[in-house]
Amino acid sequence: MTLTVEPVTDGAGLRAFVDLPFRLHAGTPWVPPLRLERYLFLSKRTNRWFEHADARLFLAKRDGRVVGRISAQVDHAFWEHHGERWGNFGFLELEDAPDVAPALLDAAEAWLRAKGADRMNGPFDFTMNDEAGLLIEGFELEPMIKQPWHPPYYRTRLEEAGMEKAIDLWMWALRVDERDKVMPILPELAEKCAKDHGVRIRKMSRRRLREDLDLFGETYNQAWARNWGFVPYGEGDLDQYAQELQLVFDRNWFMVAESPEGEAVGIAITVPDVNQVLRRMGGRLLPFGWWHFLNKARYMDRVRVGFLGVKPEWQHTGVAALLFMEHYDMAASTPQKWGEEGWILETNKAMNRGMEAMGGKVVKRYRVFERRFGTSS
């Protein structure tokens with residue numbers, strides 16, 4: 001039976017692109033997203049990421065039946081910042097057949113070559129700050145918000161297609177209510193930070209969220225600047241992020257560490273895991289999905305620490321410890337008692353040591369793959 005790969009060019013193709021994982025992953029730990037949200041995220045009219053990036057979606061079909069999908073994308077902000085012409089692939093889904101992954105990856109590579117890229121990394125949906133990496137450990141666990149889930153054969157098929165490891169991303173599980181298991185050095189550092197440097201924790205507010213995200217962008221662009229794959233947040237990116245966070249905002253878990261002069265020196269954005277609600281919604285607001293979402297607080301007992309960063313000049317003052325200890329305080333007064341921190345690059349020794357000091361355990365690993373193919377002619 002003939003396998004073809006073709007770009008998505010119309011509404012029917014986009015629906016098939018969005019619907020494929022619902023068919024492939026029914027009955028697995030995968031959590032169905034809201035279909036409406038996926039359409040908005042993939043739209044050049046509503047996703048501000050497209051202000052500095054281009055993408056093309058592809059479908060693999062066997063005798064007219066969709067058996068796989070992939071995106072190819074270039075982020076010009078990354079190219080400008082790093083001086084590197086890396087391209088990415090993402091939104092990877094495929095049936096377990098040996099010819100599907102090579103065909104999809106070849107289509108993505110051809111598009112990226114035509115754009116001038118000399119390397120292909122992924123999967124990213126669309127960026128490293130969205131759903132990033134291919135799951136290689138933790139298949140039995142339900143993904144949290146903005147964590148992908150893949151069956152084990154995806155890794156096999158990518159490796160068979162010649163994709164190689166670029167880097168791994170780790171997710172650490174923590175019982176944030178088990179304060180007694182924390183190594184004593186952390187609360188000591190937190191106390192010293194507050195006493196000697198006058199740093200205090202301020203909670204974000206929904207009304208000022210967009211304003212606080214400017215502080216987040218400033219901190220992120222400094223603290224993460226040397227990370228693998230880093231792309232600086234611009235104004236449009238922060239506008240987009242503010243819209244997304246309004247749906248999951250919880251004042252208890254959105255926090256800023258400030259100096260005595262009021263300067264933001266550290267940021268933590270921790271999100272109650274709305275995937276616990278999305279599973280009940282089944283990808284739709286109607287007929288009853290809206291009711292589950294409006295009552296989401298009753299379902300969520302876990303959080304994902306998505307961002308916790310400190311400006312470089314403050315990184316040896318205990319600010320990170322102060323932010324972490326505030327998480328333990330929040331666990332004592334909210335329904336959320338445990339969570340996952342990350343992703344964290346496997347090469348980030350300081351953060352990974354910090355997770356160990358807090359009694360954490362790596363429970364999920366995601367792999368970023370690469371293919372280098374030289375400069376386009």
Side-chain angles (χ1 to χ4, degrees), residues 1-28 30-51 53-75 87-115 120 122-127 130-131 134 143 146 148-151 153-154 157-158 161 240 243-244 247 278-279 281-290 293:
M1 294 184 286
T2 304
L3 179 73
T4 60
V5 177
E6 55 195 51
V8 171
T9 58
D10 56 20
L14 183 59
R15 285 192 297 274
F17 190 91
V18 170
D19 286 347
L20 181 59
F22 287 81
R23 171 165 60 84
L24 291 179
H25 303 322
T28 71
W30 178 77
V31 176
L34 280 177
R35 283 180 166 88
L36 174 61
E37 183 275 332
R38 290 289 83 186
Y39 287 125
L40 293 174
F41 188 78
L42 291 167
S43 171
K44 293 182 179 181
R45 293 190 300 272
T46 54
N47 189 338
R48 300 289 296 274
W49 175 77
F50 284 101
E51 293 178 356
D54 297 311
R56 177 61 63 89
L57 310 180
F58 295 92
L59 292 172
K61 297 182 179 180
R62 199 183 305 277
D63 288 349
R65 181 175 182 271
V66 175
V67 296
R69 74 177 195 185
I70 200 170
S71 69
Q73 61 261 12
V74 292
D75 190 331
N88 298 326
F89 71 95
F91 294 92
L92 182 71
E93 304 288 357
L94 62 149
E95 292 186 356
D96 191 8
D99 56 344
V100 179
L104 288 169
L105 292 164
D106 288 348
E109 177 182 332
W111 186 86
L112 291 171
R113 280 179 176 270
K115 289 291 184 179
M120 179 169 67
F124 305 127
D125 303 352
F126 284 110
T127 76
D130 297 306
E131 294 190 13
L134 188 92
K146 285 203 172 184
W149 184 90
H150 308 100
Y153 70 82
Y154 277 34
R157 294 308 184 192
L158 284 188
Q240 176 79 20
Q243 294 176 14
E244 295 174 2
L247 297 175
L278 292 177
R279 176 167 290 284
M281 296 173 69
R284 299 185 182 278
L285 282 171
L286 300 174
F288 301 115
W290 63 271
F293 189 80

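Source: prediction; values computed, not measured.
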**Report entry** Distance in Å, Leu34 CG paired with Leu278 CG, rounded so as to fall on 0.5 Å steps
**Finding:** 5.5 Å
Query - Check: Asp106 side chain, Ala103 main-chain N or O, donor-acceptor pair, under 3.5 Å - result: no
**Report entry** Lys/Arg cation over aromatic Tyr154: Arg157, 6.0 Å, 45° cone
**Finding:** no
Query raised in the report: Got a second to check how far Trp30's CH2 is from Arg279's CZ, nearest 0.5 Å?
Result: 9.0 Å
Query - Side-chain (Asn47) to main-chain (Phe41) donor-acceptor, under 3.5 angstrom - result: yes
Query - CG-CG distance between Leu20 and Leu94, expressed to the nearest 0.5 angstrom - result: 8.5 Å
**Report entry** Pro143 versus Pro148, closest heavy-atom pair with distance
**Finding:** CB-O, 4.0 Å
**Report entry** Minimum-distance pair of heavy atoms, taken over all atoms of Asp99 and Leu3
**Finding:** O-CD2, 3.4 Å
Query - Residue pair Gln240 / Glu51, side-chain heavy-atom distance below 4.5 Å - result: no
**Report entry** Minimum side-chain heavy-atom gap Thr46-Tyr39 below 4.5 Å
**Finding:** no
Query raised in the report: Under the salt bridge (charged side-chain N to carboxylate O under 4.0 Å, His left out) test, which residues partner Asp54, sequence neighbours left out?
Result: none
Query raised in the report: Given side chains that start at C-beta, do those of Leu92 and Leu158 come closer than 4.5 Å, heavy atoms only?
Result: yes
Query raised in the report: Can the positive tip of Arg69 be found less than 6.0 Å from the middle of the six-membered ring of Phe91, inside 45° of the ring normal?
Result: no
Query raised in the report: Within a strict 4.5 Å, meaning less than it, do heavy atoms of the Leu59 and Phe17 side chains meet?
Result: yes
Report task. Check Val8 against Gly13 and note the closest heavy-atom contact, atom names and distance. Result -> CG1-C, 3.7 Å
Report summary line: Shortest non-hydrogen pair, Gly87 vs Val74, comes out as CA-CG1, 4.3 Å
Query - Any pair counted as side-chain hydrogen bond (donor to acceptor under 3.5 Å, both in side chains), so long as it reaches residues 3-24, sequence neighbours left out - result: Glu6-Lys61, Asp19-Arg35, Arg23-Glu95
Report task. Measure the spacing between OG of Ser43 and CZ of Phe50 and express it to the nearest 0.5 Å. Result -> 7.5 Å
Query raised in the report: Going by heavy atoms in the side chains, are His25 and Pro151 under 4.5 Å from each other?
Result: yes
Query raised in the report: Which atoms form the tightest heavy-atom contact between Ala55 and Gln73, and what is the distance?
Result: CB-CB, 3.8 Å
Report summary line: Nearest heavy-atom contact between Phe58 and Ala72 is CE1-CB, 4.2 Å
**Report entry** Donor-acceptor under 3.5 Å (Glu37 side chain, Glu244 main chain)
**Finding:** no
Query raised in the report: Under a 4.5 Å cut-off applied to non-hydrogen side-chain atoms, are Phe89 and Leu104 in contact?
Result: no
Query - Sidechain-backbone polar pair: Arg45 side chain, Leu40 backbone, donor-acceptor under 3.5 Å - result: no
